Undergrad: 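Have a look at this one.
Predicted model, so just to flag it, every value in this text is computed and none were measured.
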Amino acid sequence: MNELFGKTKIFEKEQQKYTNEANQYLGNPQKTEGLLNKAIKIANEKKGSLGEVWEKLQLFFELVKAYSKGEYKNVSPSTILTVIGTLLYFVSPLDLVPDFIIGLGILDDAALIGFTVKKISTELDAFSKWKRAFSDENPLD
């Protein structure tokens with residue numbers, strides 16, 4: 001999907017813009033929870049359109065929530081900023097392809113989620129293993 005808009009530099013630029021904004025969320029659990037609630041609501045509304053990135057997006061929610069609550073710290077700050085930045089992009093109605101464009105507005109969101117997954121795959125895999133081994137509850141509850 002990254003090839004949808006050509007070079008990955010477009011995604012890197014967009015991601016960096018939102019990652020800079022993500023700094024405001026670190027150390028602010030209430031603000032982070034508000035972002036998660038908004039992103040979860042949008043994700044649930046667009047579940048069918050998200051396709052294969054749906055599960056990865058759910059993992060992003062769980063990672064940010066576990067990190068924010070202090071339950072999981074085995075992740076670099078840059079990775080958390082990247083994930084929060086991706087969620088900020090996801091909830092923004094004005095991104096590369098505005099979300100109000102029916103049929104296309106979610107494609108750039110899904111592509112950026114996929115790009116982020118590839119970028120942080122090692123840490124995401126480690127979190128996923130931790131989650132399976134040490135977490136009895138659903139962090140989205």
Side-chain angles (χ1 to χ4, degrees), residues 1-102 104-141:
M1 251 192 269
N2 290 346
E3 305 312 317
L4 180 66
F5 297 103
K7 300 179 183 178
T8 60
K9 287 187 178 191
I10 294 170
F11 288 112
E12 289 171 354
K13 183 179 177 183
E14 285 297 304
Q15 193 171 55
Q16 186 59 47
K17 179 172 69 172
Y18 286 93
T19 299
N20 289 338
E21 185 181 339
N23 274 311
Q24 301 169 18
Y25 290 79
L26 285 183
N28 190 335
Q30 292 81 16
K31 191 169 187 167
T32 301
E33 185 176 348
L35 172 63
L36 285 172
N37 290 338
K38 185 174 184 179
I40 289 166
K41 181 179 183 224
I42 292 170
N44 285 331
E45 291 169 358
K46 300 183 180 202
K47 181 178 180 179
S49 302
L50 288 168
E52 63 188 47
V53 300
W54 167 257
E55 288 181 24
K56 297 301 183 182
L57 186 57
Q58 300 308 302
L59 198 56
F60 285 2
F61 297 152
E62 294 169 356
L63 173 61
V64 171
K65 185 148 191 176
Y67 182 86
S68 177
K69 291 171 78 177
E71 296 170 352
Y72 185 77
K73 293 290 185 183
N74 191 24
V75 63
S76 70
S78 65
T79 293
I80 286 296
L81 288 172
T82 298
V83 172
I84 292 172
T86 300
L87 294 178
L88 287 167
Y89 182 91
F90 178 71
V91 301
S92 174
L94 302 174
D95 43 36
L96 287 174
V97 179
D99 292 344
F100 61 82
I101 299 177
I102 305 298
L104 295 177
I106 197 71
L107 289 179
D108 63 316
D109 295 336
L112 186 66
I113 293 164
F115 176 77
T116 302
V117 167
K118 286 180 184 177
K119 186 175 178 179
I120 64 165
S121 63
T122 301
E123 288 185 280
L124 207 53
D125 289 344
F127 171 71
S128 188
K129 287 176 187 171
W130 171 85
K131 187 176 95 81
R132 285 192 306 268
F134 297 105
S135 182
D136 292 333
E137 67 180 64
N138 181 349
L140 298 178
D141 289 338

Undergrad: Rounded to the nearest 0.5 Å, how far apart are CG of N37 and CD1 of I42?
TA: 11.0 Å
Undergrad: State whether the number of non-hydrogen atoms from other residues, nucleotides or ligands found under 6.0 Å of E21 atom CD is greater than 12.
TA: yes
Undergrad: So do the side chains of K56 and T116 get within less than 4.5 Å of each other, counting heavy atoms only?
TA: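 Sidechains of T116 and K56: no contact.
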Undergrad: Please find the pair of heavy atoms, one from L50 and one from V53, that lie closest to each other, and give the distance.
TA: O-CG2, 3.1 Å
Undergrad: Should the pair Y18 and Y89 be assigned to parallel (<30°), tilted (30 to 60°) or perpendicular (>60°) ring geometry?
TA: perpendicular
Undergrad: Within the structure provided, determine whether L26 and I80 are in side-chain contact (heavy-atom separation under 4.5 Å).
TA: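 Contact flag for L26/I80 side chains = yes.
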Undergrad: Would you give the length of the straight line joining atom CG of L35 to atom CD1 of I40, rounded to the nearest 0.5 angstrom?
TA: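 The CD1 atom of I40 is 9.0 Å from CG of L35, to the nearest 0.5 Å.
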Undergrad: Does a donor on one side chain sit under 3.5 Å from an acceptor on the other, for S68 and E33?
TA: no
Undergrad: Under 4.5 Å between any side-chain heavy atoms of I84 and L88, yes or no?
TA: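 They are in contact (side-chain heavy atoms under 4.5 Å apart), so the answer is yes.
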Undergrad: Within the structure provided, determine whether L124 and F60 are in side-chain contact (heavy-atom separation under 4.5 Å).
TA: yes
Undergrad: One pair to check against side-chain contact (heavy atoms from CB on, under 4.5 Å): W54 and N44. What are the steps and the verdict?
TA: CA-CA 9 Å; W54 167 257; N44 285 331; 3.2 Å; yes
Undergrad: Would you name the heavy atoms of A66 and F127 that are closest together and state the gap between them?
TA: CB-CE1, 4.0 Å
Undergrad: Nearest 0.5 Å, please: how far is CD in E52 from CG in L57?
TA: 13.0 Å
Undergrad: Going from CG on L81 to CG on N23, what distance comes out if it is rounded to the nearest 0.5 angstrom?
TA: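 Spacing of CG (L81) from CG (N23) equals 5.0 Å.
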Undergrad: Could you report the tightest heavy-atom contact between Y25 and K31, atom names first, then the distance?
TA: CE2-CG, 3.3 Å
Undergrad: Got a second to check how far K119's NZ is from F115's CZ, nearest 0.5 Å?
TA: 5.5 Å
Undergrad: Would you name the heavy atoms of A39 and F90 that are closest together and state the gap between them?
TA: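 Scanning both residues, the minimum pair turns out to be O-CE2, 3.5 Å.
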Undergrad: Where is the tightest heavy-atom contact between A22 and G85, given as atom of each residue plus distance?
TA: CB-N, 3.7 Å
Undergrad: For atom NZ of K129, decide whether the heavy atoms of other residues, nucleotides or ligands shown that lie under 6.0 angstrom number more than 12.
TA: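 For K129, atom NZ is not crowded (no more than 12 foreign heavy atoms under 6.0 Å).
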Undergrad: Which value, rounded to the nearest 0.5 Å, describes the distance between S78 atom OG and E123 atom CD?
TA: 6.5 Å
Undergrad: Quick check: closest heavy atoms across W130 and Y72, and the distance to 0.1 Å?
TA: CD2-CD1, 3.3 Å
